[in-house]
Amino acid sequence: MKKFDIIWAAVLGVCLWQLVVWVTGAPHFILPSPWRVVQMGYTSRALIAEHAWVTVLEVVLGLVIGSVLGIVSAIVLAASALCRRLFLPILVFSQAIPVFALAPILTLWFGYGIGSKIVMTVLIIYFPVTSAFHDGLARTPRGMLDLAEVMGARDWRVMWRIRVPAALPALGSGLKLAAVYAPIGAVIGEWVGASRGLGYLMLLANGRAKIDLMFACLIVLAIFAICLHALVGRFADYLDGYSKRG
Amino acid sequence: MVNGSSGGAAWEVEKLVMGAPSIRVSGGYCFDDVQLFDGVELEIVAGQWTCLLGASGVGKSTILRLILGLETGGEFLGEIVTSDGLDLTGRVSYMAQSDLLLPWLNVVDNVVLGTRLRGEDVDMARAETLIERIGLSEHRAKFPNELSGGMRQRVALGRTLMEERPIMLLDEPFSALDASTRADMQELAFEMLRGKTVLLVTHDPAEAARLGHKIVVLSASEARVWDVPETVAIRDVNGAEVVDCQAGLLAHLRGTGK
């Protein structure tokens, strides 16, 4: 998507929002107008920034840890038939458990701090990264593997020099998906039990009928999510370009 | 490839290592209970070009994969023996129809791929010499997508030569190239592979007639040795004897000849 398109989409969204406020005449504690939200966001900027920083930290750490775990798991699974037989069914089955349902347990185990939110984020993105990268590693062109075999290559060198580079585009799509899921994980974690973070602030604002503050938090969260997605998207493009050279 | 510039004991060692054996493949092969070929006797001549022709699906590439020791998915009943009695492992190199270059490596890194995959020290000087001989010095830092089909196949040739193996199996490596590039590549490969035992699987009678020291036509029941032109390979594309041989082969393959 072009920058231009995003700006237009945002402008359109705000116009629609304002239109709904006018047409329905909703009170500001149900649906505040865009302008009210902007004002609120500005006056509470220090408060929002303080909590946003926590959420950003959770998301970024979760994303990095989850991606690294996913990448390592995918390589181990691709390298070992035994590991595939043992762990692949468990991995697939584990997806039947809604991760959100685990949030209270995670809070119990890892506390109210950022630990439980990072674990939540890691759990949410681990599967998409592992699955996408593993698929890529399993699809190395047959001819390249034959060539390596004829050349007398060691398995782990084939992995490192051929299979991993050939699977980088697949890893890129896994990471893009992870960038979408990661903020969800952190915010859900904060809803269940936290004393800091945008999710916590939103719940707090909601409880005190400060809907404009809640919307302000939501917008900050959305902007962060879009930036994260764009950043990871560029990294994915780089991986794709590296593997295919244009 | 015995290099005249290296001397003395080193040369003797190299000669031993490089001694290109002949290979005899005999037996039958079936895939999913369907017999592809049976009772086949194929002799691949030491230090020369043996061209293997035959209808699609008759098992030409399968024979090549069997010699390479690659998975074929079927069952081979028979034997593959070398004239020097040594194992084929580590002595065979191959080129396929697709160049199989790794898109993320430049020309030099693709050429030295085998050395890297075995974790050996890379002999860059030798790689550079080879790249010069295949005429790609100017393009040494380019990536495969910046090269033409012919250049890419030359890089693939350089990569196989870097392997320094006495036996070379070629699976239609020139078939995707345009006619004039193909003729150039045939000449370059013939020159560079001098002294090696070469098996060329091809669909093209003209290619076999031009390059073969020996031509074999594979069918379900036999590997029939075909008369080669009397001139010395590599032959002129338009030589009368080449054109004759090619016409005979084509007629035979279409089932209309002798």
Side-chain angles (χ1 to χ4, degrees), chain A residues 67 71 74-75 78-82 84-85 132-176 233-246, chain B residues 61-62 64-73 87-107 109-120 122 141-147 152 155-156 159-165 167-173:
Chain A
S67 302
I71 289 167
I75 292 176
S80 155
L82 182 69
R84 269 200 302 283
R85 274 175 47 195
F133 194 31
H134 177 257
D135 281 354
L137 290 171
R139 280 198 307 264
T140 317
R142 186 72 243 169
M144 289 183 184
L145 296 178
D146 286 346
L147 185 73
E149 193 181 331
V150 170
M151 285 172 160
R154 289 292 175 109
D155 282 350
W156 66 271
R157 289 209 178 87
V158 178
M159 180 63 80
W160 182 241
R161 292 197 178 271
I162 298 181
R163 296 181 67 185
V164 167
L168 288 181
L171 174 63
S173 21
L175 292 179
K176 277 200 273 190
R234 289 195 59 170
F235 182 60
D237 288 347
Y238 168 77
L239 291 179
D240 204 55
Y242 175 83
S243 188
K244 294 176 186 156
R245 286 282 155 189
Chain B
S61 295
T62 302
L64 190 133
R65 289 183 73 88
L66 288 170
I67 301 172
L68 284 166
L70 291 175
E71 180 59 46
T72 59
D87 205 54
L88 281 165
T89 318
R91 295 204 293 162
V92 191
S93 189
Y94 97 121
M95 266 178 89
Q97 179 175 3
S98 145
D99 52 65
L100 297 176
L101 298 184
L102 302 185
W104 55 88
L105 297 182
N106 66 20
V107 168
D109 289 331
N110 263 297
V111 166
V112 301
L113 177 69
T115 337
R116 292 246 167 87
L117 283 175
R118 288 187 297 277
E120 297 164 2
V122 178
K142 286 191 179 167
F143 289 90
N145 72 326
E146 299 169 280
L147 304 174
R152 292 170 62 114
V155 179
R159 183 185 57 201
T160 43
L161 288 168
M162 192 68 194
E163 296 291 283
E164 269 187 298
R165 294 180 173 188
I167 303 162
M168 186 70 93
L169 306 186
L170 311 176
D171 196 357
E172 302 183 51

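Chain A is the first sequence line, chain B the second, and so forth, proteins listed ahead of strands; every chain is numbered from 1.
What you find for B:Trp104 and A:Tyr242 is that their closest heavy atoms are CB-O, 3.2 Å. A:Ser243 approaches B:Pro103 most closely through the heavy-atom pair O-CB, 3.4 Å.
For chain B, no part of A:Leu168 is nearby; none of its heavy atoms comes within less than 4.5 Å. Residue contact with chain A, scored on non-hydrogen atoms closer than 4.5 Å, involves the backbone of B:Ser93 exclusively. For B:Leu101, the part lying under 4.5 angstrom from a heavy atom of chain A is the backbone only. For B:Arg116, the parts sitting under 4.5 Å from any heavy atom of chain A are the backbone and the side chain alike.
Within the model, atoms CG of B:Leu113 and CZ of A:Arg161 stand 8.0 Å from one another, a figure rounded to the nearest 0.5 Å. If you take CG on A:Asp146 and OH on B:Tyr94, they are separated by 4.5 Å, rounding to the nearest 0.5 Å. A:Arg245 CZ to B:Leu102 CG: the interatomic distance, rounded to the nearest 0.5 Å, is 12.0 Å.
In terms of heavy-atom pairs under 4.5 angstrom with chain B, the leader among A:Ala148, A:Gly143, A:Pro141 is A:Gly143.
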Donor-acceptor contacts under 3.5 Å from residues 150-158 of chain A side chains, at least two apart:
residue  : atom : partner  : partner atom : Å
A:Arg157 : NH1  : B:Arg118 : O            : 3.4

Validation: residues 132-140 of chain A side-chain donor-acceptor distances under 3.5 Å, sequence neighbours left out:
residue  : atom : partner  : partner atom : Å
A:Thr140 : OG1  : A:Leu137 : O            : 3.0

*Taking it one step at a time, do B:Leu117 and A:Leu147 satisfy side-chain contact (heavy atoms from CB on, under 4.5 Å)?*
CA-CA 10 Å; B:Leu117 283 175; A:Leu147 185 73; over 6 Å; no
